[in-house]
Amino acid sequence: MNFHFHDWKRIEKPKFSYFDYSGIEVLTAKCRCTVCGKEKVRKFMGKWYF
């Protein structure tokens, strides 16, 4: 069993975005780990709107 910390890199442009209650844009994009190759949909912070 190998233990490592995932190093996520985006592999495509964000496809879905929404605004949370504090006014921050949340983007979702598919990412891939550079160590093991596992794919996952992750959330990223976009712009702030006050």
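Remember, it's a predicted structure, so these values are computed and weren't measured experimentally.
- Interatomic distance, CG of Leu27 versus OH of Tyr18, reported as 9.5 Å (0.5 Å rounding).
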Show your working on ring pair (Phe, Tyr, Trp, His ring centres under 6.0 Å) between Phe5 and Phe3 and close with a plain yes or no. CA-CA 7 Å; Phe5 292 103; Phe3 179 76; 5.4 Å; yes
Carefully, step by step, assess Phe44 and Cys31 under the rule side chain to side chain contact (heavy atoms under 4.5 Å, CB included). CA-CA 11 Å; Phe44 296 95; Cys31 300; 3.6 Å; yes
Which donor-acceptor pairs under 3.5 Å do side chains of residues 35-42 form with protein atoms, sequence neighbours excluded?
{"residue": "Glu39", "atom": "OE2", "partner": "Arg32", "partner atom": "NE", "Å": "3.3"}
{"residue": "Glu39", "atom": "OE2", "partner": "Arg32", "partner atom": "NH2", "Å": "2.4"}

Which donor-acceptor pairs under 3.5 Å do side chains of residues 6-17 form with protein atoms, sequence neighbours excluded?
{"residue": "His6", "atom": "ND1", "partner": "His4", "partner atom": "NE2", "Å": "3.4"}
{"residue": "Asp7", "atom": "OD2", "partner": "Thr34", "partner atom": "OG1", "Å": "3.1"}

